[in-house]
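Notes to accompany the following structure.
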Protein chains: 2
Amino acid sequence: MTISPSKAPLETASKERLRLWLRFLKASRSVENSLRENLKAEFNTTLPRFDVLAALSRYADGLKMSQISGVLKVSNGNVTGIVDRLAEEGLLIRVPVPGDRRASLVRLTQRGQEEFARQAAAHEAWISDMLSGFDAESARALADDLQTLETSLTARRARDD
Amino acid sequence: MTISPSKAPLETASKERLRLWLRFLKASRSVENSLRENLKAEFNTTLPRFDVLAALSRYADGLKMSQISGVLKVSNGNVTGIVDRLAEEGLLIRVPVPGDRRASLVRLTQRGQEEFARQAAAHEAWISDMLSGFDAESARALADDLQTLETSLTARRARDD
DNA sequence: TACAAATATTTTATACTTGAAGTAAATGCA
DNA sequence: TGCATTTACTTCAAGTATAAAATATTTGTA
């Protein structure tokens, strides 16, 4: 006889992968829903807005609209509305790009930087709390597994183009 | 000297968990975007519609509206519109619940069952292809890790209620 | 039996999302 | 230079998402 797994027997690879994806989705939704609630309650904002601020916070020189949608992997038209609203509130500004009147750079304002700093600190604490079942080492290990997944996905994309 | 990790040194648990979440989100979005595209191209449908059919397919007796939103972890009002559209297309029906005129059971029609069977088969194949970087065993292992996450989240929820 | 509270769902307002169409500007090349 | 193509962005239509208010019905209990 061969070595058998601890609990249920392994299904086909296809079934195990499907199960993995369903678990994945469930966990992802749980965390996202929780973040959404917290952002609403503590900062009266939303996840998409937070994501845009987060992207901009990594680029002091600003990002063009298409770069924002590229980084966040959301559609172009989507970003317009979110940036519009954040601009109205004074958290960011659109700066004309010299030499290209089609484009503009989106940059955090001082207020935007300060507001995002507060949100980011809270965000990290929430995540750490939610993922408290993982110590530093196992978090790293799982993150590495997910890197494998990313690599697999990227390879597949390249193949299909 | 102590044993050091293969690549970068471990950050604080908080940072490692944040990194894990960001990887998680990225992978999740990649897979979701790919599924969305495929569902549109092959079946002219969307992920939310697929999810509703999938939930119903596991309950031959049907589910109440609130049970669907419970299973899918989406809001109540959301399900109304999706079910409306699927009903118009004849993929499901609302059946009155005898003895409770507020509620209705939503059930797949024959056509709905057949249509979902085709979609589910394709869906499993897409997932299996996307996650081909994992063999049955490592898929199972990662799924088990995610179970840990679920448990951690559930415990946290219980604590905060 | 009355009737307050709870339950099931829909409706509403607002925001997010995509893909496609539209507008304006920049680029490539005959 | 002239003009088709590409690029950057916005607008639009339809669908998805939430939370909160509204509606209808059932349940608990005095």
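Per chain, numbering begins at 1; letters A, B, ... match sequence-line order.
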Out of [options], which nucleotide sits closest to the side chain of [X]?
| X | options | value |
| --- | --- | --- |
| R85(B) | dA15(C), dT16(D), dA8(C) | dT16(D) |
| I82(B) | dT9(C), dA17(D), dT18(D) | dA17(D) |
| R101(B) | dT16(D), dC16(C), dT25(D) | dT25(D) |
| P48(B) | dA17(D), dT18(D), dC16(C) | dA17(D) |

Spacing of [X] atom [atom1] relative to [N] atom [atom2], expressed in whole Å:
| X | N | atom1 | atom2 | result |
| --- | --- | --- | --- | --- |
| N44(A) | dA20(D) | CG | P | 11 Å |
| D84(B) | dT9(C) | CG | C1' | 11 Å |
| R49(B) | dA14(D) | CZ | P | 15 Å |
| L63(A) | dA8(D) | CG | C1' | 14 Å |
| K64(B) | dT10(C) | NZ | P | 12 Å |
| L39(A) | dC16(C) | CG | C1' | 15 Å |

Legend entry - Exercise: do K15(B) and S128(A) side chains pair donor with acceptor under 3.5 Å: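 Note: K15(B) and S128(A) side chains miss the donor-acceptor criterion.
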Inset, instruction - Indicate, yes or no, whether a donor-acceptor pair under 3.5 Å links the base of dT7(C) to the side chain of R102(B). - result: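 Checked by distance alone, the answer is yes.
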Legend entry - Within the 6.0 Å centroid threshold, strictly below: F50(A) and F116(A):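 That pair passes the under 6.0 Å test.
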Legend entry - G81(B) vs T80(A), nearer the 5' end of DNA chain D by closest nucleotide: T80(A)
Inset, instruction - Please figure out whether K40(A) or D100(A) has its closest DNA chain D nucleotide nearer the 5' end. - result: D100(A)
Inset, instruction - Taking salt bridge (Lys or Arg N to Asp or Glu O under 4.0 Å) as the test, write out the residues that go with E150(B), two or more places apart. - result: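 With sequence neighbours excluded, E150(B) shows a salt bridge (Lys or Arg N to Asp or Glu O under 4.0 Å) to no residue whatsoever.
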Just N and O in the side chain of [X]: are any of them under 4.0 Å from OP1 or OP2 of [N]?
| X | N | result |
| --- | --- | --- |
| R94(A) | dT10(D) | yes |
| T46(B) | dT18(C) | no |
| S104(A) | dA8(D) | no |
| N78(B) | dT16(D) | no |

Inset, instruction - For the residue pair S34(A) and W126(A), establish whether any side-chain heavy-atom pair is separated by less than 4.5 Å. - result: no
Sugar-phosphate, base or nothing in reach of [X], heavy atoms under 4.0 Å:
| X | value |
| --- | --- |
| S66(B) | sugar-phosphate |
| L47(B) | nothing |
| G99(B) | sugar-phosphate |
| N76(B) | base |

Inset, instruction - Count the heavy atoms belonging to other residues, nucleotides or ligands that lie under 6.0 Å from CD of E89(B), then report whether that count exceeds 12. - result: yes
